[in-house]
Amino acid sequence: MDAFYASVATRDRPELRDVPVIVGGGYRGVILSANYHARAYGVRSGMPSTRARRLCPDAVRVPADHELFGTVSRAVVENFRRVTPQVEVVSLDEAFLDVRGSTRRLGTPIEIAEHLRAVIHDEQGITCSVGVAASISVAKLASRRAKPDGVVVVPPQEITSFLHPLDVGELYGVGEKTQAVLHRLGLVTVGDVAHTPLRTLQRAVGEGLGRMLHDLAWGRDTRAVTPGRVSVFGYGGDPDKSMGAQETFGRDIDDREVILREVLTLSAKVAERMRVAGVAGRTVSLTVRFADFTTLTRARTIPEATDVTQEIYRAAVRLYDALGLQRARLRLVGVRVEGLVPRSSVHRQGVLGERDRGWSEADRAVDRATRRFGRAAVQPASLLDRAAGRDEASSTGPPGARSERSTGEAPLPVGTKSSEHS
DNA sequence: TCTGGGGTCCTAGGACCC
DNA sequence: TCTGGGGTCCTAGGACCC
């Protein structure tokens with residue numbers, strides 16, 4: 001899709017059609033998308049909103065509506081699947097289709113491309129661009145070339161003449177850092193990479209990446225379109241290998257108590273998603289980012305896989321304390337659980353002295369309650385007054401009204417907002 | 001008002017085992 | 001009497017993608 005989030009966010013607002021529009025990206029954030037009017041000013045997805053604002057002060061800001069994005073995305077993917085079941089969904093706004101099996105029924109790949117573009121335009125009111133080629137990587141580059149609202153076909157005999165003039169940064173796997181390394185070697189175009197000895201390339205960027213770039217630069221890409229490979233929200237895909245959550249604070253924080261409350265919030269969020277997905281994991285990792293943006297991660301593997309909020313939280317707190325931060329100002333904190341396996345494959349070892357009904361059962365009760373009564377229904381007690389603070393901020397109460405908290409220790413008890421459900 | 005949040009994969013070193 | 005080779009697991013950091 002072309003400027004997907006921006007297109008969807010403005011499709012029912014004709015008054016925004018001819019003005020620069022920026023989607024998402026509030027305080028301390030990055031923008032999600034920008035329409036082509038805004039891009040003309042140099043605004044790009046992923047750009048800090050402050051910078052976008054500087055580049056294009058007149059842009060209209062539109063909030064992200066993820067539910068709507070998902071709905072439109074699913075409708076578009078349905079259109080793809082009517083062409084072929086061989087659809088690999090890469091993200092909400094991008095997919096690969098292997099149409100070899102569809103040409104007899106639907107015509108040439110170009111005809112299929114134009115058909116899809118027309119249907120998506122008519123049904124969803126947004127435009128998209130299509131690259132047609134004999135491999136995934138070339139099709140992807142061709143689609144980029146086709147934007148906005150176009151089709152680019154790269155026939156097999158034109159692959160190298162299409163690829164070689166492109167900037168190395170266009171290649172999959174070449175980001176800012178790798179591009180700088182290649183530029184230092186005097187490699188600016190894809191053709192330069194293609195004509196560099198493999199070993200030289202591998203010395204510069206590593207064995208695996210060097211091999212991949214050399215292949216891609218010659219259009220060698222035999223990977224098949226694989227339906228359901230990537231896990232995109234709502235499309236299934238392979239099981240996740242890790243799940244995590246992180247949060248950038250509104251302002252940098254040096255207070256252990258505040259930081260650990262966030263760690264608990266994140267642990268609960270991750271654990272709940274794990275329980276919904278039916279997975280458990282053994283390695284808990286904690287990420288902290290300091291005010292100067294330097295970032296540390298620490299990981300600890302526990303004896304048995306868990307999906308229990310308190311166990312993840314306890315491991316994360318140990319990692320945090322082991323850092324020995326002396327009131328360093330943190331910009332971000334994150335919790336991730338890795339090495340996920342199906343929960344059904346985990347058999348818990350009974351521990352002497354441990355209650356056989358414990359936090360795991362409590363978590364499940366909390367899950368049931370929040371499903372029925374909403375997220376605020378049951379929370380760790382240590383998070384309750386903060387939740388109240390949020391309510392105040394969003395409604396009428398004084399934002400500063402917060403009660404004193406006792407200690408930084410163990411926000412263990414599960415509290416309830418209403419006495420009815422415990 | 002500089003730099004989100006969700007992920008994956010690779011590399012490299014050390015511990016440990018056979 | 002001075003140090004092999006292969007494998008796995010764990011940790012930390014980094015790069016990248018959407």
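Letters A, B, ... are given to chains in the order of the sequence lines, protein chains preceding strands, and every chain is numbered from 1. On a predicted model such as this, the values are computed, not experimentally measured, just so you know.
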TODO: Tell me what A/G244 touches on the nucleic acid: a base, only sugar-phosphate, or nothing, going by heavy atoms under 4.0 Å.
DONE: sugar-phosphate
Open item on the list: Any strand counts, and the cut-off is 3.5 Å on both contacts for Watson-Crick or G-U wobble. Which nucleotide pairs with B/dC18?
Closed with: C/dG5
Task: C/dT11 phosphate, OP1 or OP2, under 4.0 Å from A/S285 side-chain N/O - done: no
Task: Closest nucleotide among B/dG5, B/dC9, C/dT11 to the A/K241 side chain - done: B/dC9
Open item on the list: Check this one for me: any side-chain N or O of A/K140 less than 4.0 Å away from OP1 or OP2 of C/dC18?
Closed with: yes
Task: side-chain N/O A/T301 vs C/dT11 OP1/OP2, d < 4.0 Å - done: yes
TODO: Using the P atom as the reference point in each nucleotide, state the distance between C/dC16 and B/dC2 in Å, no decimals.
DONE: 25 Å
Open item on the list: Nearest heavy atom decides the nucleotide; on that basis, is A/L209 or A/Q246 closer to the 5' end of DNA chain B?
Closed with: A/Q246
Open item on the list: Expressed as a whole number of angstroms, how long is the span from A/Q179:CD to C/dG14:P?
Closed with: 20 Å
TODO: May I ask you to say what A/T50 touches in the nucleic acid, namely base, sugar-phosphate or nothing, with a heavy-atom cut-off under 4.0 Å?
DONE: base
- [ ] Would you check if there is a donor-acceptor pair between the side chains of A/S231 and A/D238 at a distance under 3.5 Å?
- [x] no
Task: Any A/T248 side-chain nitrogen or oxygen under 4.0 Å from OP1 or OP2 of B/dG5 - done: yes
TODO: Could you pick out which residue, A/R289 or A/P239, lies toward the 5' side of DNA chain B when each is mapped onto its nearest nucleotide?
DONE: A/R289
Open item on the list: I want to check one thing: is the phosphate of C/dC10, taken as OP1 and OP2, less than 4.0 Å away from some side-chain N or O of A/T283?
Closed with: no
- [ ] Consider the side chain of A/D240, meaning its heavy atoms from C-beta on, and name the nucleotide among B/dG4, B/dC2, B/dT8 that approaches it most closely.
- [x] B/dT8
- [ ] Please check the phosphate of B/dG4 (OP1 and OP2 only) for any side-chain N or O of A/R331 closer than 4.0 Å.
- [x] yes
TODO: For residues A/T309 and A/L264, determine if any side-chain heavy atom of one lies less than 4.5 Å from a side-chain heavy atom of the other.
DONE: yes
Open item on the list: Can you confirm whether the side chains of A/D149 and A/T127 place a donor and an acceptor under 3.5 Å from each other?
Closed with: no
Task: Per A/R282 side chain, nearest of listed nucleotides C/dC10, C/dG13, B/dT3 - done: C/dC10
Open item on the list: Would you say the base of B/dT3 stacks on A/F293 (centre-to-centre below 5.5 Å, plane angle below 30°)?
Closed with: yes
Task: Phosphate contact (C/dA12 OP1 or OP2) by A/R298 side-chain N/O below 4.0 Å - done: yes
